[in-house]
Amino acid sequence: MTTTTPLPIVLAGARGHGRWHLANIRRLQDLGVVRLAGICELRPLDDEELGAFAAEPPLQSADFGELLDTTGARAAVVCTPIQTHTDLALTAAGRGVHLLLEKPPAASWADFGRIREAVAAAGTACQIGFQSFGSHAVTAVRALVADGAIGTVRGYGAAGAWVRDEAYYGRAPWAGRRRIDGTDVVDGVLTNPLAHAVATALELADRGTEQDVASVETELFRAHDIEADDTSCVRITTSDGLPVTASVTLCAETAAEPYVVVHGDRGRITFWYKQDRVLLQRAGHGPEESVHGRTDLLENLAAHLADGTPLLVPPHRTAAFMRVLEAVRTGPEPTALPADAWHTEPATGTTGVRRVVHGIDAAVAAGADTLALYSELGVPWARSREVSAS
């Protein structure tokens, strides 16, 4: 049992993915780590949505700043639409309130810079919500690499093949948008739903800062009738010449667990980052699999504030990812795939439909295996003229 006073927090955005945060806050409140002081939503949660919090409901308000002032919260979890992150983060920093800010932290490099400057000036802590960085497998994989288990590292390749139906893009006005009324949103597959694939590959490579990035090449495509990309790939060349790639889609033939492969000249390591699972394959040895624990990011933030435990995901560790987001934001509009490149199937568990890109599962896996872009793999709808470099 903890002997410290529970950290009073406000949750901004308690629906959608925010429901996960609400449940996690309940878990940590039961452990005495935090106390939910308030919920910021445009429409208050009802008793059913509050669940276990309904017995002693926290304050609710649509005004984030007022809620912080009224509750005296020391920290806030921000899980709201991407384009709102910056204003909410600045509001918190201006009141000396610490942050757990969902990924992506901002919709542009400039706004990311504003957040970093604000929290630095305020002296507040800011944790970015890349949950995979809390996996103890990250340290384990880095240790294997450092020990020479797979020889000299040649590169890192991420793969993400997910299934989302057409209703996914109708769930909110900002879903699948690059911008709304001139405001950046950048809700593409690389920058939001499978952003973890990109960021985790960079984190495994220990090349997460802006100085670690020499160039970014993107290929952005869409099968859905949206502004943003749903089937894309990226190659980051690091300042020391190491390739870090990610091949991702929301139009998979079969949904699969996303992963990152570390390629060495004498073996490879595969990390399924949602499962904390690691597979080591190397010359002269049988395959070795291990499953690791995970440190929760809000719990880590609370420990940081209580005793100085280092933050797992401070903003500077996500700057390389934000360089990728900026390349997507400023790159050409995603290319619409030709009608013969995809087909529709009934959506699983709903009455809707989903779009499936022919052969995309193999292309995603091949990208992670070869560190190549779709155009370099000979994918028929991906041509070199659609590569954007920055």
Side-chain angles (χ1 to χ4, degrees), residues 1-41 44-61 64 67-68 70-80 88-89 92 95-103 105 119 124-140 196 200 203 273-277 290-315 317-318:
M1 179 177 294
T2 181
T3 58
T4 61
T5 302
L7 178 70
I9 61 174
V10 160
L11 171 62
R15 295 188 173 95
H17 182 58
R19 289 193 293 267
W20 182 90
H21 283 288
L22 191 64
N24 190 48
I25 290 168
R26 181 76 242 185
R27 178 183 69 85
L28 293 177
Q29 181 164 303
D30 289 344
L31 294 173
V33 176
V34 304
R35 174 177 62 83
L36 182 61
I39 293 175
C40 184
E41 268 289 355
L45 273 63
D46 59 29
D47 284 353
E48 183 178 354
E49 292 173 306
L50 284 169
F53 288 109
E56 295 183 57
L59 289 176
Q60 297 197 61
S61 172
F64 183 57
L67 193 58
L68 294 178
T70 303
T71 61
R74 290 189 59 217
V77 176
V78 172
C79 184
T80 56
L88 294 178
R95 287 166 168 77
V97 173
H98 308 282
L99 274 173
L100 171 56
L101 182 60
E102 258 301 345
K103 58 79 186 166
V119 298
T124 52
C126 182
Q127 179 102 283
I128 308 301
F130 283 110
Q131 297 289 340
S132 61
F133 288 26
S135 176
H136 304 166
V138 172
T139 302
H196 270 89
T200 305
E203 178 68 4
Y273 58 80
K274 287 178 66 67
Q275 299 177 323
D276 303 309
R277 182 162 60 97
S290 56
V291 178
H292 301 262
R294 177 177 291 218
T295 298
D296 176 73
L297 296 187
L298 181 55
E299 193 166 4
N300 173 245
L301 174 62
H304 173 76
L305 299 177
D307 60 23
T309 298
L311 284 178
L312 287 169
V313 201
R317 292 300 307 168
T318 68

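Since we're looking at a predicted model, the values are computed, not measured. Throughout, numbering of the chain's residues begins at 1 and tracks the sequence.
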**Side chain R26, main chain A52, donor-acceptor under 3.5 Å** = yes
Examine the side chains of T295 and H136 and answer whether a donor and an acceptor come within less than 3.5 Å of each other.
yes
What one should report as the nearest heavy-atom pair of A140 and H292 is CB-CE1, 3.4 Å
*Quick check: does any side chain N or O of T318 sit under 3.5 Å from a backbone N or O of P315, one acting as donor and the other as acceptor?*
yes
With N24 as partner, the option from L11, V77, D296 fulfilling side-chain contact (heavy atoms from CB on, under 4.5 Å) is D296
Open item on the list: Please check: side-chain N/O of Q29 versus main-chain N/O of L36, any donor-acceptor pairing under 3.5 Å?
Closed with: yes
Heavy-atom side-chain contact between I9 and T71 under 4.5 Å:
no
- Distance-only, no hydrogens or angles: does the H304 side chain make a donor-acceptor pair with backbone N or O of T309 under 3.5 Å? yes
Residues A73 and V10: closest non-hydrogen pair is CB-CG2, 3.8 Å
- Query: Can you tell if the side chain of S135 reaches within under 4.5 Å of the side chain of Y273, non-hydrogen atoms only?
  - Reply: no
Output for pair (T5 OG1, R74 CZ), nearest 0.5 Å, gives 9.0 Å
So side chain to side chain donor-acceptor pair (under 3.5 Å) across residues 46-56, not counting sequence neighbours, yields R15-E49
Does the plane of the ring in H21 sit parallel, tilted or perpendicular to the ring in H17? Use 30° and 60° as the thresholds. perpendicular
Minimal heavy-atom distance between S132 and H196, with the atoms involved, is OG-CD2, 3.3 Å
pair L50-P58: side-chain heavy atoms closer than 4.5 Å: yes
When you measure from the side chain of N300 to the backbone N and O of L312, does any donor-acceptor pair fall under 3.5 Å? yes
Answer yes or no on whether R317 is positioned over the face of F133, meaning its NZ or CZ is under 6.0 Å from the six-membered ring centre and within 45° of the axis. no
In this structure, CD of Q131 is separated from CG of L298 (nearest 0.5 Å) by 9.0 Å
Correct closest heavy-atom pair for V119 and C126 would be CG1-CB, 4.1 Å
Rounded to the nearest 0.5 Å, the CG atom of L28 sits from the CD atom of E299 at a distance of 5.0 Å
Subject >> Heavy-atom side-chain contact between I39 and L22 under 4.5 Å >> reply: yes
| query | Quick check: does any side chain N or O of Q127 sit under 3.5 Å from a backbone N or O of L101, one acting as donor and the other as acceptor? | reply | no
message: Does any part of the side chain of L301, heavy atoms only, come nearer than 4.5 Å to the side chain of L311, both counted from C-beta?
response: yes
query: Any side-chain heavy atom of T124 within less than 4.5 Å of one from V97?
result: no
Tightest non-hydrogen contact, residues P8 and G72, listed as CG-O, 4.2 Å
Worksheet item: Stepwise, does the side chain to side chain contact (heavy atoms under 4.5 Å, CB included) test hold for V33 with L7?
Response: CA-CA 6 Å; V33 176; L7 178 70; 6.0 Å; no
CZ of F130 to CD of E102, rounded to nearest 0.5 Å, is 9.0 Å
Could you tell me whether the side chain of Q60 and the main chain of L45 form a donor-acceptor pair under 3.5 Å? yes
Does L305 reach the side chain of H98, with side-chain heavy atoms less than 4.5 Å apart? yes
